[in-house]
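Inspection log for the structure reproduced underneath, given as structure tokens.
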Amino acid sequence: MSSRRSRSRQTSGASRISDEQISDLVSKLQQLIPELRARRSNKVSASKVLQETCDYIRSLHREVDDLSDRLAELLASTDDTSAEAEIIRSLLM
């Protein structure tokens with residue numbers, strides 16, 4: 001066991017997580033990430049799963065930002081009292 005892992009186990013106390021639990025969580029993450037789910041091989045390193053997860057979350061943030069911008073433009077181009085504006089507001093709530 002590496003000294004880094006030993007230290008973390010000593011300091012973590014009751015919040016220890018087993019290697020099996022980590023492996024299970026990485027497996028679950030792999031199933032959630034489209035890039036990894038589409039692969040034919042299930043053999044992907046934990047570091048690759050974590051990197052792809054970070055990349056996927058970043059892409060989702062960009063998509064949310066883009067959609068927010070588009071929505072703001074759409075709202076700015078409609079009359080506040082129009083049926084379109086009311087529909088957009090209802091979708092946001």
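Computed from a predicted model, the values in this text were never measured in an experiment.
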ask   = Side-chain heavy atoms under 4.5 angstrom apart, residues restricted to Ile, Leu, Val, Met, Phe, Trp, Tyr: same cluster for Leu60 and Leu50?
value = yes
ask   = Could you state the interatomic distance from CG (Leu29) to CG (Leu36), rounded to the nearest 0.5 Å?
value = 9.0 Å
remark   = Tightest non-hydrogen contact, residues Val26 and Val49, listed as O-CG1, 3.7 Å
ask   = Between Ser82 (side chain) and Thr78 (backbone), is there a donor-acceptor pair under 3.5 Å?
value = no
query = Looking at Lys28 and Asp24, does any basic side-chain N land under 4.0 Å from a carboxylate oxygen?
reply = yes
remark   = Residues at least two apart in sequence or cross-chain that pass salt bridge (charged side-chain N to carboxylate O under 4.0 Å, His left out) with Lys43, listed by chain then number, are none
task = Test Ile33 against every option in Val44, Thr53, Ile57 by the side chain to side chain contact (heavy atoms under 4.5 Å, CB included) rule and name the one that passes.
result = Thr53
key: Reported CD-to-CG distance for the pair Glu84 and Leu74, which is rounded to 0.5 angstrom   = 7.5 Å
ask   = Got a salt bridge between Arg62 and Asp65, using NZ or NE/NH1/NH2 to carboxylate O under 4.0 Å?
value = no
query = Distance from Glu20 atom CD to Ile17 atom CD1, nearest 0.5 Å?
reply = 10.5 Å
key: Flag if over 12 foreign heavy atoms under 6.0 Å of CD, Gln21   = yes
task = Output the distance between atom CD (Glu52) and atom OG (Ser47), rounded to the nearest 0.5 Å.
result = 10.5 Å
query = How long is the gap from CG on Leu75 to CD on Glu73, to the nearest 0.5 Å?
reply = 10.5 Å
remark   = Rounded to the nearest 0.5 angstrom, the OH-NE2 distance for Tyr56 and His61 is 11.5 Å
request  = Decide if atom CZ of Arg70 counts as having more than 12 heavy atoms of other residues, nucleotides or ligands within a radius under 6.0 Å.
outcome  = no
